[in-house]
Amino acid sequence: MFGTSGIRGVVGKDITVELALNIGAAVGEESEKLTIGRDTRTTGETLENAVAAGALSTGSKIETLGIVPTPTTARYADDKALEITASHNPSEYNGFKPFNTDGTAFNQDQRKRVEKAVKKGEINYSKEFNDEIKIEDALNSHKSEILKSVKEIENTKVVVDGGCGAASEITPKLLADMGCEVITLNCQKDGRFPGRLPEPTEENLKDLKKIVKDTDADLGIAHDGDGDRTAAIDEKGNYVEADKLLCLFAIHEKAEEVVAPVNTSSVIEHVTEVRRTKVGDVRVAQELKENGGKLGGEPSNTWIFPEQTYCPDGVLAAAKLCEIAEEGKISEKISNLPNYSVRRKNFKCEDGRKKEVMEKFKEESKNMGKITTLDGVRVDTENGWFLVRPSGTEPYIRATSEAKDKKRADKLLDMVEETLSRIL
Ligand code: MG
């Protein structure tokens, strides 16, 4: 039921009011007080009411924040938090993402307990029934916390593409308060996502790229549906690759080391030391919490600044991007970084065979280079690396290769393909 990023699915099929009620009750059992927020999806309010009813029926206190980004909910909570969101998925999806007060997502034990309670109906209903407290100023509180930590801006014009998601109000207001000249795009909150799909990929940001250029802006910023992701467009209207954006953040934060997953580009190694984790922003947050660190990031455009919260905070990332743009042209900063070629390919593989295929692949790649098995099999060769890992959610084995030289990246992926085809 639980992925690392919570529970997500199509509403009416996987996500029902009954499930919301049970999740509310199960998470309520874990909480003294549950803070609930939601993104802009049209199904959000109904699911919120069901989650709230479930949590209240276990005797937990609750407070509801209305439509706010995931990091707003995580930061506002003083006990447990739950955001009703399907993040970057299209409008027909929704889901539940529970957090602890430090911004970390529920860990494996907590997820297991909630899952067990929901599946077996093992919930202790209470006769005590608290009032729902509606909070009106969560966005203001999030904004003022960030304003305390950022610099004043004098010369930056920024276009914010909220994607009609939960951060559509707070990010433009925050950046304007910092002193930026702000132009908004898709910043009307609308859970049908009429402007673009919620995932801030290069393909989905064509309008933003054009408007940044047409208005001579210094920077474009785009969020996903729940505002924990932030992508950037430079002043020339070019999409900034997330791996390079991580480099800009690392330089800006003067981070001597960053925490990033095993599939992050080697470009970061030209800027700072890297401590690698399994794939997923939840793993990055866990590593930062357990072993410290100043900055974490993931190539999905998820950024973690643990001094403020372990929850990826796209709004804070947007503010920091304006600070970076204020110091000089983003395109010039990017052009100082080396270029790598990346190749990616998915191979069909049923869930039941994944383990055996990975074992065999590991055996066969023994002589190709230095093997790491942090998540899947990563092989570092003299000039380039490849990573082969089973997808956690889909019937695929995913392969990535990277090298400075395009031909070498092709060759590495060809080697992977040849080996995998033989095994599969
Ligand atoms: Mg998200």
Side-chain angles (χ1 to χ4, degrees), residues 2-11 15 36-41 43-44 47-48 65 67-77 81-100 103-106 138-139 142 160-171 186-187 189-191 193 195-205 208 221-232 242 245-246 249 261 279-286 296-305 308-319 321 392-393:
F2 257 105
T4 44
S5 299
I7 295 164
R8 224 181 272 167
V10 174
V11 179
I15 303 294
I36 306 170
R38 61 182 153 96
D39 70 16
T40 52
R41 285 161 212 276
T43 51
L47 294 173
E48 179 192 81
L65 311 184
I67 295 176
V68 296
T70 295
T72 307
T73 307
R75 289 172 73 134
Y76 198 86
L82 186 143
E83 180 85 357
I84 294 155
T85 177
S87 188
H88 52 279
N89 288 81
S91 59
E92 60 271 29
Y93 286 77
N94 214 332
F96 313 98
K97 196 168 179 181
F99 285 91
N100 296 297
T104 53
F106 267 27
L139 288 180
H142 188 180
V160 178
D161 179 349
C164 298
S168 297
E169 181 183 336
I170 184 173
T171 298
N186 301 320
C187 281
K189 294 180 202 171
D190 187 337
F193 304 124
R196 62 162 167 91
L197 287 169
E199 190 167 8
T201 57
E202 178 169 12
E203 212 199 325
N204 291 338
L205 301 180
L208 176 61
I221 280 169
H223 292 301
D224 67 339
D226 65 325
D228 63 352
R229 293 190 181 187
T230 298
L245 202 49
L246 179 61
F249 282 127
V279 172
D281 61 273
V282 170
R283 310 285 193 173
V284 174
Q286 254 169 17
E298 218 225 358
S300 64
N301 279 309
T302 314
W303 318 108
I304 303 174
F305 303 93
Q308 298 204 25
T309 172
Y310 291 109
C311 177
D313 187 342
V315 185
L316 175 60
L321 272 169
T393 48

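Numbering of ligands and ligand atoms starts at 1, following listing order.
Between Asp226 atom OD1 and Asp224 atom OD2, the angle centred on the Mg ion (ligand 1) amounts to 80° (nearest 10°).
Defined by atom type and a distance below 3.5 Å, a donor-acceptor pair is present between the side-chain atoms of Ser300 and Glu298. For the residue pair Asn94/Thr43, the side-chain donor-acceptor check at 3.5 Å is satisfied.
Aromatic ring pairs are classed by plane angle as parallel below 30°, tilted from 30° to 60° and perpendicular above 60°; the pair Phe305 and Phe249 is perpendicular.
Of all N, O or S atoms in Asp228, the one lying closest to the Mg ion (ligand 1) is OD1.
Between Phe99 and Tyr310, the distance separating the two ring centers is not shorter than 6.0 angstrom.
Ser87 lies close to the Mg ion (ligand 1), since one of its N, O or S atoms is found at a distance under 2.8 Å.
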